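Because only heavy atoms are used, hydrogens play no part in the values below, and waters and symmetry mates are left out as well, while side chains stay in. As the structure is a computational prediction, the values presented were derived from the model and not from experiment. Sequence lines set the chain letters: A, B, ... in the order given, protein chains first and strands last, and positions in each chain run from 1.
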Amino acid sequence: MASLASPLVTLPLHAYRESPTAKPAFLTVKNDRHFAGHPLLSLLDKCTNTKQLKQIHAQILRGGLFFDSYSASRLFAALSLPPSSDLMYARKVFDEIPRPNIYTWNTLIRAYASSDDPAESLLIFLRLLHECPELPNKFTYPFVIKAATVASDIRVGRAVHGMVVKSILGSDLFILNALVHLYGACGQLDLAYRLFVRIMRKDVVSWNSMITAFVQGGCPEAAVDLFQQMEMENVKPNQVTMVGLLSACAKKGDLEQGRLMHSYIEKNSINLDLTLNNAILDMYTKCGRVNEAKRLFDEMPEKDIVSWTTMLVGYAKLGDYDEARLFFDAMPCQDVAAWNALISSYEQNGKPKEALGLFHEFLLSKNAKPDEVTLVSALSACSQLGAIDLGRWIHVYIKNQGIKSNYFLTTSLIDMYSKCGDLEKALEVFHSAERKDVCVWSAMIAGLAMYGRGRAAIDLFLNMQVTGIKPNAFTFTNVLAACSHTGLVDEARLLFSQMEFVHGVLPGANHYSCMVDVLGRAGLLEDAVELIKNMPINPTPSVWLSLLGACRLHTNIDLAEMAFSHLLEQDPKNIGAYVLLSNIYAKSGMWEKVSELRKLMRVSELKKEPGCSCIEVNGVVHEFLVADTSHPLSTKIYSKLDEIARRLRSKGYVPNKSQLLQLVQEEDMKEQALYLHSEKLAITFGLLSLEQSQPIRIVKNLRVCGDCHSFAKIVSQLYSREILLRDRYRFHHFKEGVCSCMDYW
DNA sequence: TTAGGGTTAG
């Protein structure tokens, strides 16, 4: 038998093919060393694709080499790792290896750590502990920690850390650096830093890991401080360090520091690779210096899709959509990320119509397909416009395309259905979601809040905690808003008082605004003022705006003027404040004060944001501004509006002019202007173009005025139509002459 | 007697 093992080693590859007499079963190994230089194994390194690897696999099986654990491990590594890996196939090969050694186990863990199923790495690690006769070694842990990092599994990460400490590998630099990275990536900056300072001989990777952790954990200042410390300790930074620091400057929007970093790179001859060049571009664009970025972009010897997308986003952020589009069109290839960058910049900059136009274009293009990120952007654009038909279509698209749902998509769907007036469907998505994180729960609570379903929102908030999900700052904003829309004062007080001490969430300015709103609406203006006085943080304009809103509701002029002046100190151009105070004066018949305010607005060149209402009919969104005559059916709409006005008057409806910002002086003009409010035009268009059975869904950019609210109530009764009107703050569901907000808004 | 850690756009 020994004589058979030896000649095999020296045979050239063709000898296998021509040697039908070879008996693999006899070729079990006596001495592994013989196989290291075996020609079949040397060929593994020359393979450029999986097909070739599979051919070698066949030869290895045929030659009996597979039963040598070294050879099997070499084959397995080639199959499971880049550049020509096929993990499914490799896994089957692994399962055939009789006694995989620690190298083979490590390779399998490593392969899964970089796959889309990193959790499998962690399961394999557990199997290794039971099945492998060798102990995990210094190579095992970095791979396992990488898997825990990618899976964001801090629990497993900490357990593995514990094992490392108990092993003899407690001071292995590779392992410690991986752990710093793990804690940083999981947002545990304290743990990362505590470990980092205890590393005795830090190398550049240790510093880079900690710098990156600070940048990605939202502490760019700390990253820059650490860099200074690194210099004092004479550790030479490399391009990875500089990428992290540029990213820190970009996050801070600190152009001066960014420039310093840029010149540091040049002075210290740090290798300017593609990634570093891209990071420099990113820093300049984020600091608003697109032209400088463009100069560097033109000089770059090599560009990739990141370079192009960075420039595109830079222009889009400045509102230069034409230039952004030019970059998009000039890109060597438009991948899904480029589409997403363009679509989301429109969507996030108040251009939801344009975003949806691009989304349509994307669907028609051949070179890429929308992914989860695209759909989240598109759904958000639908929410903004109230485009429920398209929103529903996207929901079906997600199901039909088998797109894997995630928390973001679930949250976006709930948000879209809630904001487009279909709360039932939002609830259906919520209840059918397999997994829910705090964002999913919070979105549903926000949905219920918008519809004035305060009790249901609080129930959901309690259920969420039963399932073990902890509320965050957003959850509290939403649940407090629910209380405010429903007038649940005691409940809000209790929740607010528990925030910090029971849930560990420090109340922020938003939460105080909500509480002022709750108390103020309920007429407890003194309590609201007391709360503001005792705030541990400076009251923000939104806090004063809430108080001002309450003053409007309860007509308290002194308090309103006080809130107004505080607000203007911080935000002199807050139109909302002027409008509210003007409404309060108008309500009390103080027309001189109204004129004074108007003058002040004119002097400060403040213009009220024009009211705008959207309505979707058969998948097309129609937009109406105040007194809009641009719609093709304009004439029909106005004559219908006249008819409605006549019928309304015969029912005793009188326009409520006190809601009007005093823009027109003549009494009949005032009445006219009220009739020309965008939501009335949209409702009228809805009456004309939708079937009787279809609800009229309107989205308005501003708060609905009292007159339009009464108008919608009566129309819902006179014409037997359901009207769903979403304004800036909440939903109004008009049916048979009643609104779901019970006139409490 | 095989190998490993840190980086950019959305």
Close side-chain approach of A/Phe359 to A/Glu354, heavy-atom, < 4.5 Å
no

From B/dG4, B/dA9, B/dT7, nucleotide with atom closest to A/Lys138 side chain:
B/dG4

Classify the nucleic acid contact of A/Asn238 as base, sugar-phosphate or nothing, counting any heavy atom under 4.0 Å across all strands shown.
base

Value in whole Å for how far the P atom of B/dG10 lies from CZ of A/Phe359:
20 Å

Can you confirm whether A/Leu79 sits close enough to A/Ser85 that some side-chain heavy atom of one is under 4.5 Å from a side-chain heavy atom of the other?
no

How about A/Ser73 and A/Asn101: do any of their side-chain heavy atoms sit closer than 4.5 Å?
yes

How is A/Asn277 classified with respect to the nucleic acid when contacts are heavy atoms under 4.0 Å: base, sugar-phosphate, or nothing?
nothing

Figure out the CD1/P separation between A/Ile109 and B/dA3, and round it to whole Å.
17 Å

Quick check for you: among B/dA9, B/dT2, B/dG4, whose closest atom lies nearest to any side-chain atom of A/Val306?
B/dA9

Below 6.0 angstrom between ring centroids: does that apply to A/Phe297 and A/Trp308?
yes

Do we count A/Phe139 as stacking onto B/dG4 if the rule is ring centres under 5.5 Å and planes under 30°?
no

Counting only side-chain heavy atoms from C-beta out, which of B/dG4, B/dA3, B/dA9 sits nearest to A/Pro142?
B/dG4

Output yes if the stacking criterion (under 5.5 Å between centres, under 30° between planes) is met for A/Tyr103 over the base of B/dT2, else no.
yes

Could you check whether A/Ala178 gets within reach of a base, just the sugar-phosphate, or nothing at all, counting any heavy atom under 4.0 Å?
nothing

A/Asn340 and A/Val336, any side-chain heavy atoms less than 4.5 Å apart:
yes

Please report, rounded to the nearest Å, how far the P atom of B/dT7 is from the CG atom of A/Asp203.
14 Å

Within residues 308-329 of chain A: residues closer than 4.0 Å to DNA chain B (heavy atoms)
A/Thr309, A/Thr310, A/Val313, A/Lys317

Euclidean distance, atom CE of residue A/Met242 to atom C1' of B/dT8 [Å, nearest integer]
14 Å

Which whole-number value in Å describes the distance from A/Lys251 NZ to B/dT7 P?
12 Å

Give one of base, sugar-phosphate or nothing for A/Asp371, where a contact means two heavy atoms less than 4.0 Å apart.
nothing

Of the nucleotides B/dT7, B/dG4, B/dA9, which has the atom closest to the A/Lys286 side chain?
B/dA9

Check if the side chain of A/Asp282 and the base of B/dT7 share a donor-acceptor pair of N or O atoms closer than 3.5 Å.
no

Would you say the side chain of A/Ser73 and the base of B/dT2 hold a donor-acceptor pair, judged only by whether the two atoms sit under 3.5 Å apart?
yes

Taking the six-membered ring for Trp and the full ring for Phe, Tyr or His, determine whether the centres of A/Phe76 and A/Phe94 are under 6.0 Å apart.
yes

Taking 4.0 Å as the cut-off, does a side-chain nitrogen or oxygen of A/Gln334 come that near to OP1 or OP2 on B/dA9?
no

With the side chain defined as heavy atoms from C-beta on, A/Asp273 is closest, among B/dT2, B/dA3, B/dT7, to B/dT7

Please classify the nucleic acid contact of A/Asn106 as base, sugar-phosphate, or nothing, using heavy-atom distances under 4.0 Å.
base

Roughly how many Å is it from CD1 in A/Ile145 to C1' in B/dG4, rounded to a whole number?
11 Å

Please check the phosphate of B/dG4 (OP1 and OP2 only) for any side-chain N or O of A/Arg110 closer than 4.0 Å.
yes

For A/Leu173, which contact category applies under a 4.0 Å heavy-atom criterion: base, sugar-phosphate, or nothing?
base

Once salt bridge (Lys or Arg N to Asp or Glu O under 4.0 Å) is applied, do any residues pair with A/Arg295, and if so which ones, sequence neighbours excluded?
none

Return the value, rounded to whole Å, for the distance between atom CD of A/Glu347 and atom P of B/dG10.
14 Å

Residues 153-162 of chain A, side-chain donor-acceptor partners within the protein, below 3.5 Å, at least two apart:
residue	atom	partner	partner atom	Å
A/Asp153	OD1	A/Arg155	N	3.3
A/Asp153	OD1	A/Val156	N	3.1
A/His161	ND1	A/Tyr183	OH	2.7

Does a side-chain heavy-atom distance below 4.5 Å link A/Ser206 with A/Phe196?
yes

Counting any heavy atom closer than 4.0 Å, what does A/Asn271 reach on the DNA or RNA strands: base, sugar-phosphate only, or nothing?
nothing

Is A/Gln216 touching bases, backbone alone, or none of the nucleic acid, heavy atoms closer than 4.0 Å?
sugar-phosphate

Could you state the OH-P distance from A/Tyr346 to B/dG10, rounded to the nearest angstrom?
16 Å

